[in-house]
Structure formats: structure tokens, C-alpha cells
Amino acid sequence: MRKGFLVGVTVLGVAVILTAGALLVYRGALAPQPVRPGSIAPGTYEPAAWGNVYPLEYDSWRQTQEPRPAGKSTYKRGWDTDGVIYDKLSEFPYLALLYHGWGMGIDYNEPRGHWYMITDQLEVDPARVKPGGACLTCKSPYAEKLVADYGKAFLKLPYQEARDKIPPAHRTLGVACIDCHDEATMDLRVRKWTILNGLAALGKKELTRQEMRSVVCGQCHCTYIITRDKEMKATDVVFPWQGSSWGDIPVEKIIREIEKSPAHLEWTQAVTGFKVGFIRHPEFEFYTRNSVHWRAGVACADCHMPYKRVGNAKISDHNVMSPLKDDMRACLQCHVEKADDLRRQVLAIQDRTVALMNRAGYATATVAKLFELANRERAQGRALNEKLYARAKEFYLEAFYRVVYLAAENSMGFHNPTEAGRIAGDALAFAGRAEALLRQTLAGAGVAVPEVIPLELEKYLQNRGTKKLDFKPEQEFKDPTGLQDVFLPPPAKGLPGAG
């Protein structure tokens with residue numbers, strides 16, 4: 001009995017040792033290999049040359065030219081396998097009214113991805129690239145070199161002339177390896193004067209590696225001002241981060257920077273006649289302002305470039321995309337919930353943000369039409385209370401910039417849900433105060449103001465140069481809360497949410 005027991009234990013022990021050894025061999029075969037810096041000549045812009053040394057990362061970067069699976073995301077559907085490039089103005093028609101008189105009011109598509117950064121510029125209405133060479137600042141890896149070679153006068157060159165300064169083989173090259181990596185060490189780095197000046201304005205002198213995994217994204221995924229001279233030619237591209245601090249770049253201080261100088265007012269809003277600035281894709285500012293994930297130490301790359309195994313190697317996935325379109329793979333690295341549960345939570349946050357943004361957007365558009373009415377009455381000799389008019393303008397611009405901010409930020413609120421709610425709520429409040437003051441001003445001047453202001457959205461959607469209203473049924477937006485008719489008149493036939 002005892003002898004058999006010992007034999008059994010011995011056999012079991014040998015089996016355990018053999019199994020453990022096999023596991024060690026197996027795990028060793030799959031163990032991630034450290035990045036070994038290769039030989040890349042300084043100033044190498046050609047991604048394929050980097051790919052000779054880092055083929056796995058290069059192959060994943062090349063995948064950014066491929067469409068994303070359709071049906072994964074409710075709102076950000078810029079380049080899905082359904083073959084549709086979605087028109088944001090048809091999806092959110094009040095933006096066509098607010099942006100009328102500006103290139104964004106003519107052509108505003110959901111972006112496709114890194115591969116198409118310059119291609120998208122070539123395919124939109126020419127009004128979108130009217131600032132000239134300044135439009136290449138984030139789109140081309142050559143921007144820093146071109147400014148170094150030609151000075152900031154390069155920024156005011158006509159767009160095609162500026163693009164012709166790029167070597168022919170790279171005139172449609174978007175973000176490339178050299179934008180984010182040091183050639184000798186592969187360390188993350190940033191080189192553009194815009195981000196370097198922006199970090200200096202924040203007083204940020206040193207960056208950890210994890211912080212750099214957000215900053216390399218933030219050098220382009222942020223808002224900026226194209227400063228203008230008296231002829232409205234571009235003189236510089238600056239980040240409006242003055243007066244802010246690391247981890248705290250609020251929309252209020254961005255607005256103050258825009259309003260600080262006439263050189264920051266880039267266009268004239270056709271409906272109101274006001275000279276205004278603009279806010280572009282402020283992902284970095286929005287995400288880093290006390291969001292839950294930022295405070296937990298999560299970098300942009302953790303979610304949009306998660307690690308993955310390729311054979312026996314572990315790489316950061318350079319096929320940059322939303323986790324929604326990748327079945328929440330990045331989220332599952334930290335969260336224990338199921339992918340479907342996480343996806344539902346993201347979509348719920350986005351639905352709530354869009355509902356709030358729509359309230360604020362339509363309310364702000366209503367005020368713009370009231371200003372149009374007030375300006376028409378003034379032009380006909382009607383005396384208005386200029387003090388109330390000026391105060392209403394201040395409130396209107398506060399609402400306008402907040403709506404622009406939310407509409408331009410690409411996560412539909414998910415990067416920072418509490419901040420999205422705050423900004424939308426403030427925009428709605430400012431729009432309400434502006435409307436009340438304008439109604440008081442017009443009533444005091446003897447003007448009969450209708451209860452519901454016609455927004456004439458179809459006029460703005462159709463009046464876009466060669467681009468007319470063209471949306472498919474699946475693009476039609478419906479308010480997730482079902483309360484849209486509480487705030488708006490019934491939609492015009494065929495127009496999503498039109499008033």
C-alpha cells in the first residue's frame with residue numbers, strides 16, 4: 001500500500017516537473033521581445049525605411065488606410081465598410097447655420113484616419129484649405145522642416161503651392177514614424193514648434209514616458225489658432241494654452257485666448273455678422289482636464305494603440321482607432337466587465353452628451369437667427385438698446401464657442417463625461433440668457449418676435465457651394481432622449497432635426 005503510494009507520488013511529481021518544463025518552454029516562445037533600436041538615418045521621413053527595422057509596427061500603421069467595421073459606433077462613422085463618408089452638417093444641421101460663411105459650413109466630413117490626413121484635405125471644398133500652408137502644420141511630417149527652411153512665411157503660401165514644397169513622393173503622406181519617434185533610440189518625442197510652445201505656456205518642462213504617450217497624440221489632437229495679419233493671411237499656428245496649466249486647460253481659458261486679439265478672429269459668421277474664432281478637435285484639452293481615466297494615469301495610447309501580440313512579439317498597435325471599433329480590446333486590458341457591457345456604457349455616455357449638445361446647439365442657433373433679425377431691423381433704422389445688444393452678444397459667443405468645442409471633440413463626450421455635461425449645460429444657459437436679452441431688446445424697439453424662431457436649416461444645408469444636402473437614411477439623427485420636439489418645432493420633411 002505504502003509502496004504503491006510512493007510510486008504514484010513519484011510519477012505525479014515527474015509529470016508535474018515535465019509539465020512545468022513544457023510550460024516554461026512554451027511561455028518562453030511567446031514572451032514579448034524588447035524593442036531593439038535599429039539604424040535609421042537622421043531625418044528619415046519615408047515610413048518604409050523605418051519598416052525595414054520595425055516591420056510589425058510598420059504593417060500595423062499601414063492598416064490605417066483600411067475602413068473600419070460598420071455598425072460599431074453610433075456617431076463617429078467617418079470611414080466604415082459601408083462605403084459612406086458621413087457629412088457632419090447633415091447629421092447635426094444647426095452646425096450648418098452656425099458655420100455659415102466658413103469653410104466648415106461648406107464641407108465638414110467625419111475624418112477617416114491617419115492615412116488620409118492630407119488626402120481628406122485634397123478632397124474637401126477648397127474653402128477648407130484657404131489658410132494655405134498653415135493647413136499642413138499637423139497634417140504633414142514635413143511641417144517643421146518647411147517652416148525651418150522657409151520661415152513662417154511658408155504658412156501663408158497658397159495651399160497647393162505650400163504642398164508642392166514637400167517631396168513629390170510624400171505629398172499625400174500623413175502622420176509618419178518621424179512625427180513621434182527619435183530615429184536613433186525610438187524614444188517618443190515631439191518636434192513641432194506648436195506643441196513645444198504650448199508646453200512652455202503650461203510650464204511643463206519634463207515629461208514622463210507615460211505622459212509622452214499622450215503628448216505625442218496631443219500635438220495634433222488639440223485645438224489651435226491660425227493667427228492672421230490685416231489681409232487675413234496666416235502668420236502662425238498657436239495653441240491657446242496661455243494662462244492654463246498641465247492637466248487643466250479649460251474651455252473658458254481657450255475662449256479668453258481667442259478673444260484676446262483681433263488676429264485670433266479667423267472668420268466672419270454670416271448669420272450674425274460677427275468676427276469669431278474657432279475651436280478644432282480639442283481631445284487633449286478635454287481628456288486631460290480631470291477626467292477619470294487621466295487621473296488614473298491612462299494615456300491616449302493605452303486606449304487607441306493597445307499592446308498586441310504578433311507571433312512571439314508584443315507591439316503597440318499603430319492601427320489607431322476607437323476601442324468601439326475594435327470590440328473594446330483596449331478596455332479589457334484593465335476592466336473586468338464584459339465587452340458588451342463596456343460598449344453599452346460608452347454609447348450611453350455618448351447618447352447623453354449628444355442630447356445635451358443638441359439642446360445647446362439648437363438654442364445657440366436660435367440666438368444667431370435673432371441677431372440676424374436684430375441686425376436687419378437696425379439696418380432699417382430701428383433704434384435698439386445697444387447695451388442690451390452688446391450683453392446678448394457676449395452671452396451668445398460664450399454659448400457658440402462651447403457648442404463648437406463639443407461638436408469638434410471626437411469622443412462625443414466619452415473622454416470626459418462630467419466635463420461634457422458642464423460645458424453643454426453652460427452653453428445652454430448662456431444661449432438662454434442671450435435669447436432673453438435679445439427678445440427684450442427687440443420688444444423694446446417695437447418689433448414683434450415670433451414664439452418659435454424659424455431656423456431655415458435647409459437653406460444653410462443647401463447653400464454650400466457645389467456640395468448640397470446629401471445624406472442617407474441611416475445618417476438621420478434622432479435625439480436619444482425623444483424630447484427634441486419639446487425644444488424645437490416639428491422637423492422639416494427630409495431633414496434630420498431641422499426647425
Side-chain angles (χ1 to χ4, degrees), residues 98-108 121 124-140 142-144 146-165 192-198 200-201 222-244 251-282 368 371-372 374-375 378-379 386 389-390 392-394 396-398 400-401 404-405 408 463-465:
L98 294 175
Y99 297 169
H100 191 51
W102 176 237
M104 303 293 286
I106 296 173
D107 218 345
Y108 191 4
Q121 287 186 326
V124 298
D125 189 278
R128 283 288 304 274
V129 293
K130 194 174 181 179
C135 296
L136 295 169
T137 302
C138 280
K139 305 299 184 183
S140 171
Y142 283 86
E144 183 216 9
L146 292 170
V147 169
D149 290 346
Y150 299 99
K152 289 186 177 176
F154 166 82
L155 300 173
K156 66 177 64 176
L157 291 177
Y159 178 77
Q160 290 297 347
E161 184 178 340
R163 198 171 71 92
D164 286 345
K165 303 289 186 185
K192 298 181 191 292
W193 74 98
T194 48
I195 184 68
L196 296 176
N197 291 342
C222 62
T223 191
Y224 57 90
I225 296 170
I226 300 177
T227 58
R228 312 291 182 118
D229 59 19
K230 292 181 180 180
E231 287 74 40
M232 294 303 290
K233 299 288 187 180
T235 59
D236 202 355
V237 177
V238 299
F239 294 174
W241 295 353
Q242 293 75 14
S244 296
V251 65
E252 288 82 2
K253 290 189 176 179
I254 292 173
I255 295 171
R256 297 291 83 79
E257 283 301 310
I258 291 173
E259 295 176 333
K260 182 180 290 185
S261 169
H264 296 171
L265 305 180
E266 301 182 47
W267 63 291
T268 299
Q269 190 179 45
V271 180
T272 64
F274 300 150
K275 287 203 71 174
V276 293
F278 206 63
I279 297 176
R280 290 103 163 163
H281 41 72
F371 270 113
E372 184 180 53
N375 293 340
R378 177 198 271 164
E386 296 298 330
Y389 180 98
K393 179 181 177 181
E394 291 178 10
Y396 166 73
L397 291 177
E398 293 289 344
F400 167 74
Y401 285 124
V404 174
Y405 184 105
N463 187 16
R464 298 197 269 162

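Count residues from 1 along the sequence.
- When the options Lys130, Gln121, Arg128 are evaluated for a side chain to side chain donor-acceptor pair (under 3.5 Å) with Tyr159, the one that passes is Gln121.
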Worked check of side-chain contact (heavy atoms from CB on, under 4.5 Å) between Thr268 and Phe274 = CA-CA 6 Å; Thr268 299; Phe274 300 150; over 6 Å; no
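- Between the NE2 atom of His264 and the NZ atom of Lys275 there is a distance of 12.0 Å, given to the nearest 0.5 Å.
- One finds a salt bridge joining Arg280 and Glu266 here, because a Lys/Arg side-chain nitrogen approaches an Asp/Glu carboxylate oxygen to under 4.0 Å.
- The two residues Gly277 and Ile258 come nearest to each other via the heavy atoms CA-CG2, 3.8 Å.
- Of all non-hydrogen atoms in Ile279 and Tyr401, the two that sit nearest each other are CD1-O, 3.6 Å.
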Please walk me through it: do Val238 and Thr194 pass side-chain contact (heavy atoms from CB on, under 4.5 Å)?
-> CA-CA 6 Å; Val238 299; Thr194 48; over 6 Å; no
Can Trp193 and Asp236 be said to form a side chain to side chain donor-acceptor pair (under 3.5 Å), step by step?
-> CA-CA 10 Å; Trp193 74 98; Asp236 202 355; 3.1 Å; yes
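- Here Glu257 pairs with Lys260 under the salt bridge (Lys or Arg N to Asp or Glu O under 4.0 Å) rule; sequence neighbours left out.
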Please step through side chain to side chain donor-acceptor pair (under 3.5 Å) for the pair Asn375 and Tyr389, ending with a clear verdict.
-> CA-CA 10 Å; Asn375 293 340; Tyr389 180 98; 2.6 Å; yes
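- Residue-environment remark: NZ (Lys233) stays at or below the threshold of 12 foreign heavy atoms within 6.0 Å.
- Of all heavy-atom pairs between Leu265 and Met232, the closest is O-CE, 3.7 Å.
- Ring planes of Tyr150 and Phe154: parallel class, angle under 30° (limits at 30 and 60°).
- Closest non-hydrogen pair, Ile225 versus Pro240, comes out as CD1-CB, 3.9 Å.
- Under a cutoff of 6.0 Å and an axis angle of 45°, Lys393 and Phe371 do not form a cation-pi pair.
- Electrostatic pairing of Glu259 and Lys253 does not count as a salt bridge here, judged by no charged N lying under 4.0 Å from a carboxylate O.
- Glu144 is linked by a salt bridge (Lys or Arg N to Asp or Glu O under 4.0 Å) to Arg191, counting only residues two or more places apart in sequence or in another chain.
- Checked against a 6.0 Å centroid threshold, the rings of Tyr99 and Phe278 count as neighbours.
- Listed by chain and number, the residues in a side chain to side chain donor-acceptor pair (under 3.5 Å) with Glu394 are Arg391 (sequence neighbours excluded).
- Heavy-atom minimum distance, Val251 versus Tyr405: CG2-CD1, 3.5 Å.
- A salt bridge between Lys165 and Asp149 is absent, with no side-chain N of the basic residue lying under 4.0 Å from a carboxylate O of the acidic one.
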Residues His281, Thr223; criterion side-chain contact (heavy atoms from CB on, under 4.5 Å); working and verdict = CA-CA 6 Å; His281 41 72; Thr223 191; 6.0 Å; no
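- When all heavy atoms of Val237 and Leu155 are compared, the pair lying nearest together is N-CD1, 4.2 Å.
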